[in-house]
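Here is the structure we will look at.
From a predicted model like this one, the values you see are computed outputs, not experimental measurements. Read the numbers this way: they start at 1 and go in the same order the structure lists the ligands and their atoms.
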Amino acid sequence: MSEHNIQSIRGMRDILPPESDLREQLMNKIHHKLHQFGYLPADLPLLEKTALFQRTIGSETDVVTKEMYTFLDRSEESVTLRPEATAGAVRAIIEQGRAQQVQRLYVEGAMFRYERPQKGRYRQFSQVSVESFGVKSAAQDVELIQLAYELFQELGLISLVRLELNTIGLPEERQLFQKDLVAYLQNHRQELDEDSQRRLETNPLRILDSKDPQVQACLDAAPALLDYLGSESQQHFEQVTTLLNALDIPWRLNPRLVRGLDYYCHTVFEWTTDALGAQSAVCAGGRYDGLVEQLGGAATPAAGFAFGVDRILLLLEQNAIWQARRPLIYMVIASFAEQAMAMQWAAKLRQQFPDDAIVLHNDYQSLKNQFKKADKSGADFVLVFGEQERENQQVNCKDLQSGAQHCFGFDELVAYLTAQKDKKCQ
Ligand code: HAM
């Protein structure tokens, strides 16, 4: 490529067919699952005031300190491309006076984080963020987990992912724990890596999440958050695990799971995989009861999680579970004289087979060339529109798999295709 060509920005991907088709199939499945659970879509801005994220995600988190796309707009206001969708959803329901009415919604689309790009980690990536407002019960946390569980089952990915679960209790409980944790870690300062030493001052709970083996070993004897939970937090967590067990949803307690965003309380969870190297979380979330109030709304309990669409797609691609959709019919057209007939038949066939693609060649190359394109498209059948077909109002239909050929009028063609489709489905 010439150096004069303009290329995309690092960490921002183009997704073209066939990957884009798999992505659309995945989105269709996600939408269907959300519909089954009664979640409705919300469409929110990609750009928000910077203060929204500082106040919700937390000013000491990696996302806010290192990863946001923040800039001054033309009126010198500091704005940020959303790094996640929960903050915007909470802002929107408060601003629209809907915090008490909206119960289940989801936000899908691009999120932006200035991270070091690698497989499964991009600077523009896609989430479906699923949020529930107004319900405090453990059942609501489990419903969110169940939704993801059913989706992973239906995608054929359930054996590749596992559910990691923890409770981080209430802010007061965490504060007590944090005090003891910091005291403990200060005594072991020399065993901490540079990053953890810095976090000791800024965000000590995140040290629990460190991947450094020496830090992990040092944490073995550290105070445990679970020991600091009061009876309300304990009961909430017990109810979560009781319901998960009753639903036969396997889970694993990960007492070091603390999440990288500050707004959580009680239940936190991540669906992780070993199949994507370092980028192991494919979907994550938890309860965030204090956030609506913190942003100025009436106290409203809430819980949610986000699917990492790019990572789920990688899992699907790697495991060859899906194929791009192929047309049912490819129309080969001899000359302009047959074009109108082909388009009329295509319109009627799309009514008969509304879920299938009917593709027209639309350019009068040699029939050999057109058949090559038909083969390449992966279509099941080729319909040939030539002079004779136009005169007789019948077309030649070739089954590209078996090679069988027949000449049909329109109604016969529909009957034949219906029967063949039924056979292929069996
Ligand atoms: P999060 O854990 O920051 O949570 O992100 C959720 C998921 O988005 C991750 O598990 C991962 O699959 C995907 N993801 C995050 N960063 C990237 C990236 N740079 N490239 C590709 N995928 C990525 C949240 O964002 C919360 N707002 C989730 C939530 C919703 N909690 C309550 N409601």
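- Screening R13, K119, R121, R123 for a salt bridge (Lys or Arg N to Asp or Glu O under 4.0 Å) involving D310 leaves a single residue, R13.
- Classification of E270 and R259 as a salt-bridged pair holds, one side-chain N sitting under 4.0 Å from a carboxylate O.
- For an aromatic pair to be called close, the ring centres must be under 6.0 Å apart, and H35 with Y39 fails this.
- In summary, the atoms of ligand 1 found under 4.0 Å from a heavy atom of G308, numbered by their order in the structure, are 8 (O), 12 (O), 13 (C).
- Within the structure, the closest approach of G260 to ligand 1 does not fall below 4.0 Å when heavy atoms are considered.
- Of all atoms in ligand 1, listed by their number and element, those nearer than 4.0 Å to a heavy atom of G285 are 31 (N).
- Using a cutoff of 4.0 Å between basic side-chain nitrogens and carboxylate oxygens, E150 and K33 are scored as salt-bridged.
- Looking at E115 against ligand 1, only its side chain comes within 4.0 Å, counting heavy atoms.
- Residue R121 approaches ligand 1 through these ligand atoms, each under 4.0 Å from one of its heavy atoms: 19 (N), 20 (N).
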Exercise for the section: List the steps, then state whether side chain to side chain donor-acceptor pair (under 3.5 Å) holds for T167 with T267. Expected result: CA-CA 4 Å; T167 173; T267 318; 5.7 Å; no
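- Scanning the protein for heavy atoms near atom 30 (C) of ligand 1, the closest one is T86 OG1, 3.0 Å.
- The ligand atoms of ligand 1 that sit less than 4.0 angstrom from a heavy atom of V282 are 10 (O), 12 (O).
- Of the protein's heavy atoms, R259 NH2, 2.9 Å lies nearest to atom 4 (O) of ligand 1.
- Side-chain contact, T86 with Y263: a donor N or O sits under 3.5 Å from an acceptor N or O.
- Of the protein's non-hydrogen atoms, Y264 OH, 2.6 Å is the one closest to atom 31 (N) of ligand 1.
- Of the listed residues (Y263, F112, Y106), the one carrying the non-hydrogen atom nearest atom 26 (C) of ligand 1 is Y263.
- Atom CG of D422 is surrounded by more than 12 heavy atoms from other residues, nucleotides or ligands within 6.0 Å.
- Here the protein heavy atom with the shortest distance to atom 20 (N) of ligand 1 is Y122 N, 3.1 Å.
- Between D62 and the choices R116, R113, R199, the salt bridge (Lys or Arg N to Asp or Glu O under 4.0 Å) rule is met once, by R199.
- Where the criterion is an N or O separation shorter than 3.5 Å, residue side chain and backbone included, S129 fails it with respect to ligand 1.
- Among all protein heavy atoms, the one lying closest to atom 7 (C) of ligand 1 is Q127 NE2, 3.8 Å.
- For atom 33 (N) of ligand 1, the closest non-hydrogen atom on the protein side is E131 OE1, 2.7 Å.
- Looking only at heavy atoms of the protein, atom 14 (N) of ligand 1 is closest to F125 CE1, 3.5 Å.
- Of the polar atoms of D310, none of the N or O atoms is found under 3.5 Å from an N or O of ligand 1, judged by distance alone.
- The shortest heavy-atom contact between L192 and C218 is CD2-SG, 4.5 Å.
- Contact atoms of ligand 1 toward C283: 10 (O), 12 (O) (distance under 4.0 Å to a heavy atom of the residue).
- Distances between N or O atoms of A281 and those of ligand 1 include at least one value under 3.5 Å.
- The distance criterion of under 3.5 Å between nitrogen or oxygen atoms is not met by L261 with respect to ligand 1.
- In summary, the side chains of T56 and R91 do not present any donor paired with an acceptor at a separation below 3.5 Å, with no hydrogens or angles considered.
- Comparing heavy-atom distances from atom 21 (C) of ligand 1 across A89, A303, G120, A87 singles out G120 as nearest.
- Under the 6.0 Å cut-off for aromatic ring centres, F305 and F307 qualify, their centroids lying closer than that.
- Between Y288 and ligand 1, no N or O atom pair is found at a separation short of 3.5 Å.
- Rounding to the nearest 0.5 Å gives a distance of 9.5 Å between OG of S196 and CG of L208.
- Checking only distances, E84 does come within under 3.5 Å of ligand 1, N or O to N or O.
- Taking the centre of each ring, Y330 and F381 stay at or above the 6.0 Å mark.
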